[in-house]
Amino acid sequence: IKVALLKHDVKNPDALQLGTEADDLMRQSLSQVKLICESIMRNSTTKISFNDALRILVFSDEYKDQRKAIMDKCTYNGRFISKNTKPAFDLLGFNDNPSGSDTHSALEQMLIELVKAGAQNIFTDNLQLHGKFGSNNDIEIAGAMDLLVVNSSGNMEIWDYKTAKVCINKDTNSEYFGFEQPFGKEVPGVDAYSFQLSAYAKMLEEKYGIKVDKVRLFVIGKLGSDLAGKGKNGVVVGFTNKHNKLMDIPRISNERLNQRADENQSVNDGNSKTSEEKKGTVTENTEARHKKITETEIYNMVFPYNLL
């Protein structure tokens, strides 16, 4: 637990938990969704597709209780983050009538997007990848995909979910995600995400012969206290239920991927230190961060590990 806490230098323990728990909870929830959809398909008197089952789960009153149970199964009695149910509901909760609501939790919006995309299956577990990049094919890159979606054409789409703070441009009174540039404009600053997701796609296609149609980013909006009307500008207080958004991300060519890998490796080589220098830096940073974490903060931040 201490190792996990000391990796982060945060003043607000709630902000830490918002960022670190969202991915795992979304993955757990989607695994539950897949199990329920497979059950619906097995129990149907007629042959139905995964997308049909998904549509039934999301929109049918018959499955209202199963929808609500997903949040409870993936959180501690429906709670996480300062033992408050509101953030949990905004991340994983379901409306009584999803089709008649203007606001949706991140999970509910994700499932609606999957229905719209004609998803014929989803994969959430054991999605680790590794491969070699660079002009000499000697730079190893590894990562774990969040979600693989079989689309209506039978090809794969890579979906990655990211939490991003929703900010407000006080000059125009418009809202935007923290990574969007410039302020208030619908021009996402997704260059880093393009590299990550394009690398995943390249590894899937070249190592496993799996055709990747699209790479997409599902943005989970984090609500700042300024937008929540609680003062203290910029402090993250929870998730929004109206800013979650699916975005298509442009793929980078394989040539550019190799160039980027070479550039990154060059920077890393220039910043390299001896093992003793690195050890000293880690020790110094760890001690400095440890002094900033009080016993109360550690108690507050320990909660997600109860899920283990």
Side-chain angles (χ1 to χ4, degrees), residues 22-44 47-71 73-74 89-127 144-164 190 193 197 200-201 204 210-221 239-249 251:
D23 281 6
D24 285 340
L25 290 172
M26 286 290 286
R27 188 175 292 111
Q28 293 175 46
S29 300
L30 288 169
S31 294
Q32 290 289 325
V33 166
K34 182 170 181 174
L35 289 173
I36 297 172
C37 286
E38 289 173 345
S39 174
I40 293 173
M41 293 168 68
R42 285 195 304 269
N43 295 329
S44 175
K47 186 175 181 180
I48 61 174
S49 68
F50 179 86
N51 195 263
D52 292 331
L54 186 61
R55 189 182 298 272
I56 291 170
L57 171 61
V58 176
F59 297 113
S60 171
D61 286 343
E62 182 182 350
Y63 285 87
K64 186 184 299 184
D65 291 340
Q66 285 91 329
R67 292 197 297 265
K68 291 183 177 180
I70 292 172
M71 184 177 76
K73 288 182 178 179
C74 296
F89 185 83
D90 287 340
L91 181 68
L92 303 176
F94 282 87
N95 292 295
D96 288 338
N97 180 16
S99 60
S101 177
D102 294 328
T103 60
H104 304 281
S105 71
L107 178 61
E108 189 173 68
Q109 186 65 48
M110 167 74 83
L111 299 186
I112 291 172
E113 297 294 348
L114 286 170
V115 170
K116 289 163 57 178
Q120 294 304 315
N121 209 340
I122 58 173
F123 299 94
T124 61
D125 301 318
N126 301 317
L127 299 179
M145 296 177 290
D146 288 334
L147 181 65
L148 265 180
V149 178
V150 182
N151 62 22
S152 56
S153 300
N155 293 324
M156 291 290 186
E157 296 182 5
I158 298 173
W159 290 26
D160 198 74
Y161 17 91
K162 301 288 184 187
T163 55
V190 293
Y193 302 140
L197 300 183
Y200 290 165
L204 272 181
I210 296 174
K211 171 66 176 173
V212 178
D213 272 1
K214 291 181 180 179
V215 293
R216 313 180 89 173
L217 194 68
F218 185 81
V219 187
I220 302 170
F239 296 104
T240 77
N241 58 10
K242 63 178 181 178
H243 296 93
N244 306 303
K245 182 178 181 182
L246 182 65
M247 307 169 66
D248 287 341
I249 301 299
R251 279 187 65 173

Would you call Asp96 and Lys68 a salt bridge, using N to O less than 4.0 angstrom?
yes

Do you know which two heavy atoms are closest between Ile112 and Phe59, and how far apart they sit?
CG1-CZ, 4.3 Å

Hey, are the side chains of Leu246 and Trp159 touching, using non-hydrogen atoms and a 4.5 Å cut-off?
yes

Intermediate values then yes/no, salt bridge (charged side-chain N to carboxylate O under 4.0 Å, His left out), Asp24 and Arg27
CA-CA 5 Å; Asp24 285 340; Arg27 188 175 292 111; 3.3 Å; yes

If we ignore hydrogens and angles and just use 3.5 Å, is the side chain of Ser60 paired with the main-chain N or O of Glu62 as donor and acceptor?
yes

Quiz question: by atom type and distance under 3.5 Å, do the side chains of Glu113 and Gln109 form a donor-acceptor pair?
yes

Indicate yes or no: at least one non-hydrogen side-chain atom of Leu92 is less than 4.5 angstrom from one of Ser105.
no

If every non-hydrogen atom of Val58 is compared with every non-hydrogen atom of Pro98, which pair is closest and at what distance?
O-CG, 3.3 Å

Determine, step by step, whether Val150 and Phe50 satisfy the side chain to side chain contact (heavy atoms under 4.5 Å, CB included) criterion, reporting the C-alpha distance in whole Å, the side-chain angles of both residues, the deciding distance to 0.1 Å, and the verdict.
CA-CA 10 Å; Val150 182; Phe50 179 86; over 6 Å; no

Is there side-chain contact between Ile70 and Ile36, with heavy atoms separated by less than 4.5 Å?
yes

Give, for atom CD1 of Ile158 and atom CG of Asp213, the distance between the pair rounded to the nearest 0.5 Å.
10.5 Å

Distance-only, no hydrogens or angles: does the Asn244 side chain make a donor-acceptor pair with backbone N or O of His104 under 3.5 Å?
yes

Given Leu30 and Leu107, is the side chain to side chain contact (heavy atoms under 4.5 Å, CB included) satisfied, shown in steps?
CA-CA 8 Å; Leu30 288 169; Leu107 178 61; 4.0 Å; yes

Distance col, row Tyr200:OH vs Leu148:CG, nearest 0.5 angstrom, shows 11.0 Å

If you round to the nearest 0.5 Å, how far is CD of Gln28 from CG of Asp125?
10.0 Å

Please check: side-chain N/O of Asp90 versus main-chain N/O of Ala106, any donor-acceptor pairing under 3.5 Å?
no

Judged by atom type as modelled, is there a donor-acceptor pair below 3.5 Å linking the side chain of Ser44 to the main-chain atoms of Lys47?
no

With distance as the sole test, does Lys34 use its side chain to make a donor-acceptor pair with the main-chain N or O of Ile122 at under 3.5 Å?
yes

Any chance you could measure Ile40, atom CD1, to Gln66, atom CD, to the nearest 0.5 Å?
7.5 Å

Can any side-chain N or O of Asn51 pair as donor or acceptor with the backbone N or O of Ala119 at less than 3.5 Å?
yes

Would you check, one step at a time, whether the test side chain to side chain contact (heavy atoms under 4.5 Å, CB included) holds for Phe123 with Met156?
CA-CA 10 Å; Phe123 299 94; Met156 291 290 186; 4.1 Å; yes

Verify, without hydrogens or angle tests, whether Glu108 (side chain) and Asn95 (backbone) share a donor-acceptor contact under 3.5 angstrom.
yes

Just by distance, do the side chain of Asp146 and the backbone of Tyr161 share a donor-acceptor pair under 3.5 Å?
yes

Asn151 side, atom CG; Glu157 side, atom CD - distance, nearest 0.5 Å:
4.5 Å

Whether the side chain of Arg251 engages the backbone of Lys214 through a donor-acceptor N/O pair (distance < 3.5 Å, no angle test) should be reported.
no

Please confirm whether the backbone N or O of Gly118 pairs with a side-chain atom of Gln120, one donor and one acceptor, at under 3.5 Å?
yes

Does Ile220 form a side chain to side chain contact (heavy atoms under 4.5 Å, CB included) with Met26? I'd like the steps, not just the answer.
CA-CA 10 Å; Ile220 302 170; Met26 286 290 286; 4.0 Å; yes

pair Leu147-Asp160: side-chain heavy atoms closer than 4.5 Å:
no

Quick one: CG on Leu217 to OH on Tyr193, what's the gap to the nearest 0.5 Å?
6.5 Å

Any side-chain heavy-atom pair of Ile56 and Ile48 under 4.5 Å:
yes

Minimal non-hydrogen separation, Ala53 against Met41, with atom names:
CB-CG, 3.7 Å

